[in-house]
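Worksheet for the structure shown next.
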Amino acid sequence: MEYLIGIQGPDFVLVAADNVAASSIIQMKHDYDKMFKLSEKILLLCVGEAGDTVQFAEYIQKNVQLYKMRNGYELSPSAAANFTRKNLADYLRSRTPYHVNLLLAGYDDADGPGLFYMDYLSSLAKAPFAAHGYGAFLTLSILDRDYKPDLTREEAMNILRKCVEELNKRFILNLHSFNVRLIDKDGIHDMEKLTVGAK
Amino acid sequence: MALANVCDLKNYSEHSGQMFATRRLIDRPNHYSFGTKIQEFAIPVGEEPVGFLKSCNTEGGARFELHHGTTTLSFKFKHGVIVAVDSRASTGSYIDTCEYNKVIEINPYLLGTMSGSAADCKYWERLLAKECRLYRLRNNHRISVAAASKLLCNMMLGYRGMGLSVGSMICGWDKEGPGIYYVDDNGNRLSGRMFSTGSGSNYAYGVLDSGYKEDMTVEEAYELGRRGIVHATHRDSYSGGVVNVYHIQE
């Protein structure tokens, strides 16, 4: 039902998430933000079971900030991703596992941009592009076809627009608007919201 | 700090160790912090509510049908917040009463609505009211709607999967202006302009969405709230009785 997508370029990461908060068949909110800012250059996108998403994401967010306060410097995106995965793994075989699917996107001053795909079984993969949700079935092939490692920002936005158009055309649910953000060496930038008209 | 350790600043780390030790005393639950660190229901060792409930809900077991059998709605408009609820309390197909008040007045500027299990809602929202009152006494200013809803959300998350059934809207007016937060037993917490909960919420949404205007007059808003509940009670068998309407102003 929910959709997340991330595309990594040579010096940026572009991420987008839909804006719907649903409860069974009802859209309770049309402007819900699924991205959590972990630090100046790291975003965590989180979808999954109702209470788990916010609870888990805020837990990771506060712990990343605590690390900065205790040690004086920030976690790198790779370290944050591994920390997140470890927490998911620890809870996986407990009585209350977290059913959340995540994308972690960040820019490291040393290593450059990074996009990490994590799912509720606590798998972790660093990938050039990734998507979560039913919409991923429709759009991963577009990414496979059109992605190249030296994308410009314009080209990445075009691929994103193509994916959203495809969802609007073939996906049974109405996901009419998407939050888009771009992370580069200057931090996190809010891009224009992608809205789609009625079919 | 990492740098302090590297530079062999032993006295600094000792000092901060002392600071943390004293802080631990002050950091007890109920002292300068929201007091729900203690679980209200200590679950006995060996009991496993989550597993027990799962076994009840399978084929052949006694199925606990936890529907939110009611209709409540609330929306923000130019002149404040309107909250409207029905008043039927039912157990399965038996109507317990037609005059049940599904709104709890936490303080003159904060309301909580109830849908789901009457016992759960009543208890947890009274507990929330107690926490809000304690906050007011300790901090000398009223609790914000966001903080009150976060308290309730955390209480729900403490008992995730154990069969609580609560669908509540925390509505009020604080420093940021009017606020409505929907909180439920899954741990969902959403802020918005308009919500409806309960088995009749779908019907109420239809009327609300088509009749809503930001610049309604107060009378029109009362009428819209009433109509939402009325149409929901007409179609939904678990909602009925009278309509209780509240208006929260500055």
Side-chain angles (χ1 to χ4, degrees), chain A residues 1-2 17-36 46-62 64-76 79 87 91-100 120 174 176-177 179 198, chain B residues 1-7 13 16 20 43 47-54 67-68 73-74 115 149-150 152-162 164 166-167 169 180-206 208-209:
Chain A
M1 313 286 184
E2 304 172 289
D18 72 289
N19 277 338
V20 171
S23 175
S24 87
I25 57 163
I26 302 280
Q27 278 187 17
M28 300 218 69
K29 234 181 131 155
H30 310 288
D31 54 0
Y32 185 61
D33 190 2
K34 299 183 186 175
M35 306 196 196
F36 295 84
C46 192
V47 291
E49 204 181 302
D52 288 356
T53 50
V54 177
Q55 188 76 349
F56 186 72
E58 285 192 349
Y59 175 72
I60 300 294
Q61 193 182 43
K62 302 315 171 197
V64 169
Q65 286 166 359
L66 182 63
Y67 185 94
K68 181 179 178 188
M69 281 182 225
R70 278 195 179 135
N71 300 293
Y73 59 89
E74 288 185 341
L75 274 173
S76 68
N87 269 292
Y91 281 98
L92 184 62
R93 290 191 174 89
S94 73
R95 283 186 310 173
T96 54
Y98 285 110
H99 199 290
V100 290
Y120 69 101
N174 181 27
H176 51 81
S177 81
N179 268 352
Chain B
M1 298 285 162
L3 188 58
N5 281 335
V6 164
C7 297
S13 47
S16 61
F20 284 130
I43 302 188
E47 293 294 314
E48 231 234 347
V50 183
F52 167 70
L53 260 186
K54 277 202 186 110
H67 304 301
H68 295 184
L73 62 89
S74 75
S115 73
S149 61
K150 192 78 175 166
L152 185 62
C153 177
N154 287 335
M155 291 179 207
M156 294 296 108
L157 281 166
Y159 295 92
R160 194 159 62 98
M162 296 187 200
L164 284 186
V166 169
M169 291 179 295
I180 306 181
Y181 284 83
Y182 167 72
V183 179
D184 75 8
D185 51 274
N186 290 322
N188 251 337
R189 174 176 166 266
L190 299 168
S191 153
R193 299 198 60 81
M194 177 196 296
F195 287 112
S196 174
T197 70
S199 52
S201 62
N202 311 319
Y203 307 110
Y205 268 125
L208 275 184
D209 282 329

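All chains are named by letter (A, B, ...) in the order of the sequence lines, taking the proteins before the strands, and each is independently numbered beginning at 1.
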Of all heavy-atom pairs linking B:Asn186 and A:Ala50, the shortest is CB-CB, 3.8 Å
Side chain, backbone, both or neither: which part of B:Ser196 has a heavy atom under 4.5 Å from chain A?
backbone
Checking A:Lys29 side chain against B:Leu190 main chain: does a donor-acceptor pair fall under 3.5 Å?
no
On a heavy-atom basis, which atom in A:Met28 and which in B:Tyr182 lie closest, and how many Å separate them?
SD-CE2, 3.8 Å
Answer yes or no: are there more than 12 heavy-atom neighbours, outside A:Tyr120 itself, under 6.0 Å from its atom OH?
no
Hey, does A:Arg95 have a side-chain heavy atom less than 4.5 Å from the side chain of B:Arg160?
no
Close side-chain approach of A:Val54 to B:Arg189, heavy-atom, < 4.5 Å
no
